[in-house]
There are 2 protein chains.
Amino acid sequence: MKKISPTIRDVAAAAGVSVATVSKYINGAQRFSAPVEAKLKEAIDTLGYRSNPLARSMITGKTRTIGLTILDISNPHFTNVVKGANRIALRHDYTLLLVDIDEQQARERPLIEALAQRVDGLLVSSRLPDENAQWMLDLDKPVVLLRNAELPIPSVGINSRLATYMLARHLLDLGHRRIAYLGFEHARINDERIRGARECLAEAGLELDIYEAHAPTSLAGEQACSRVMLGPKRPQAVICYNDLIALGFMKEAATLGIRVPQDVSVTGIDNVPYGAYAAPGLTTVDIQSEHMGELAMQKLIDALAGHPDPGNSMFEPRLIVRESTASVA
Amino acid sequence: MKKISPTIRDVAAAAGVSVATVSKYINGAQRFSAPVEAKLKEAIDTLGYRSNPLARSMITGKTRTIGLTILDISNPHFTNVVKGANRIALRHDYTLLLVDIDEQQARERPLIEALAQRVDGLLVSSRLPDENAQWMLDLDKPVVLLRNAELPIPSVGINSRLATYMLARHLLDLGHRRIAYLGFEHARINDERIRGARECLAEAGLELDIYEAHAPTSLAGEQACSRVMLGPKRPQAVICYNDLIALGFMKEAATLGIRVPQDVSVTGIDNVPYGAYAAPGLTTVDIQSEHMGELAMQKLIDALAGHPDPGNSMFEPRLIVRESTASVA
DNA sequence: CTGAAAGCGCTAACAC
DNA sequence: GTGTTAGCGCTTTCAG
């Protein structure tokens, strides 16, 4: 059962034409006389010929593949980014070469450099600070960054500062005064998020208490909960770095006998699907993850087609109020 | 800024050796005399040479890429499969070419066939029934199926029948008699799941009432809830096709004023991460999604290395009892 | 419209 | 150890 697949030469022989003609036919490069076209069609499907994409790629330098690096596919935010990116890619006949960096920064650069050689362009989500991302300019492939960048690389991101500003505003409106932020300092946008909340509180003459989760995960949220809630400065409301941390936080709060939202209001960021199915439903900010993936891929494909759209595109966050936040008793 | 990247010939020239020598050096195929090795090293990094993987692939026929088709990356079950598969792949220096079929069966076969030409092997998750999957044998690439297959194709799956049997048993033990199954008939394994639950109930002289969700999603679970709970045969317990449906079901139940688990016990299948963070926590069956991805990838890589492990590997489900199930009042 | 010929960048025998 | 020589399967001038 080791049938060697037919090459363009076999087709040419069978159809009694030259390989060049076959090549042009396959690529729809021009029109043909009726008899030639008929013979080609015939030869191709009796042989079951399929052109070898590798050989074509070597010559054209195009692979119809987009490299996508993601920090952690388990995080629904990134899952949605992939979903959106995949949708647009398939629509344009591109396929995704996916690399889940899996939170190990060390391998990031070599992985991306290797990836770059095998794709037409890249979508990159990375924790690398802008200063250390210059090398991406040397990849000689179009890149779109999944974040807000100051670099001369097109990017798609979210206004994180506004996101936390909105959450802080919402909590202030509910009458909260002691508001804490449970962050994740290894994320580049953590500072932005702190700034947004701080600004808002400052306008009310208040300060933001800052706590740290050791990972952007539910488990880390659970583990941080007692530290935040049973410490000396128990907050009335907690803004979490993301929804996963918030969900973990809420679960552990329940275990500790702390009621949400009666005893503490909790918010996340991302609007992951499961925030709506938690109880109480999680108040959060929608950052349009799937649209981010779509837009980033669209920008990349446009660049590939010779219509680069440089600069940073920023999505505006949208507040989603559910039951995890409430007025001060 | 259009620097054409150096080829193996440039390196050979710069180092004063033949291209064959360079090729062997790059591939670490043998040892070299000290002076040659030094010159090669020198030439390679002054030129910044990187071998072109496309050219290599064309000759060797190997791409170090694994094709992975998934039904819906948004479903945490599949997300975890990807996570596991990616981990093993990276460990062996393979990369994933991901295609999210996105629940549109029509494009499945052509997409997979195209994918097969560009990869060394495939991991396939598909809704195609075994009878219509014969063509996969003709892909001329090793394939591992992510399901229980009767085909002569290696596969990794879960004992679905046992999963629902266990859930039914658990519910019977809690004293439930009127037990319903909320399924998703387009899934191949739906029948297996029905059978497992039915068998268990039959042993107790009971029958299973069957309802249908129109998709394997939370939204579909929400929409099905009133149909199940406000119909003529209100069940005491509901076994849902998967966790997403169960989560949606529980949410809508709360909206309808039906208490879980006091008024109805609910279970899912999959053990997605967010089942633990719902309230009440979702009783479910762990199907080891991530391990499935790992094992499937390992089987594929073994096959690629000439150590095929044919046959079906089946994971055993594990019951996870949380708060969404309770004894009859 | 069709074909001949020259490679793309690399590997793989096989000599030396 | 190192070099020579064929190509892999395809696209792409450039003639006719």
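Everything numeric in this text was worked out from a predicted model, so none of it was measured.
Distances shorter than 4.0 Å separate some side-chain N or O of A/S33 from OP1 or OP2 on C/dT2.
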Name the pairs: protein N/O against N/O of nucleotides 3-5 of chain C, kept only if under 3.5 Å.
{"from": "C/dG3", "atom 1": "OP2", "to": "A/S18", "atom 2": "N", "distance (Å)": "3.0"}
{"from": "C/dG3", "atom 1": "OP2", "to": "A/T21", "atom 2": "OG1", "distance (Å)": "2.7"}
{"from": "C/dG3", "atom 1": "O6", "to": "A/K24", "atom 2": "NZ", "distance (Å)": "2.5"}

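Within 4.0 Å (heavy atoms only), B/R31 reaches sugar-phosphate atoms of the nucleic acid but no base atom.
By the salt bridge (charged side-chain N to carboxylate O under 4.0 Å, His left out) test, A/R91 is found to be paired with no residue, residues two or more places apart in sequence or in another chain being considered. Evaluation of the salt bridge (charged side-chain N to carboxylate O under 4.0 Å, His left out) rule for B/R188 yields B/D130 as partners, not counting sequence neighbours.
Atom CD of A/E113 is surrounded by more than 12 heavy atoms from other residues, nucleotides or ligands within 6.0 Å.
For the pair B/I8 CD1 and C/dC8 P, the computed distance is 13 Å after rounding to whole Å.
Shown for residues 41-64 of chain B: residues whose heavy atoms fall under 4.0 angstrom of DNA chain C, namely B/Y49, B/S51, B/N52, B/A55, B/R56, B/M58, B/I59.
Counting 5' to 3', DNA chain D first comes under 4.0 angstrom of a heavy atom of chain A and last does so at the ends given by D/dC8 to D/dT12.
Ring geometry for B/F32 versus B/Y25: interplanar angle over 60°, hence perpendicular rather than tilted (30 to 60°).
Although no hydrogens or angles enter the test, the distance criterion places no donor-acceptor pair under 3.5 Å between the side chain of B/K39 and the main chain of B/G16.
No hydrogens or angles considered: nothing links the side chains of B/S5 and B/R50 as a donor-acceptor pair under 3.5 Å. Donor-acceptor pairing under 3.5 Å is recorded for the side chains of B/E108 and B/S126.
The overall bend of the helix from C/dC1-D/dG16 to C/dC16-D/dG1, read as the angle between its terminal helix axes built from five base pairs each, is 30° when rounded to 10 degrees.
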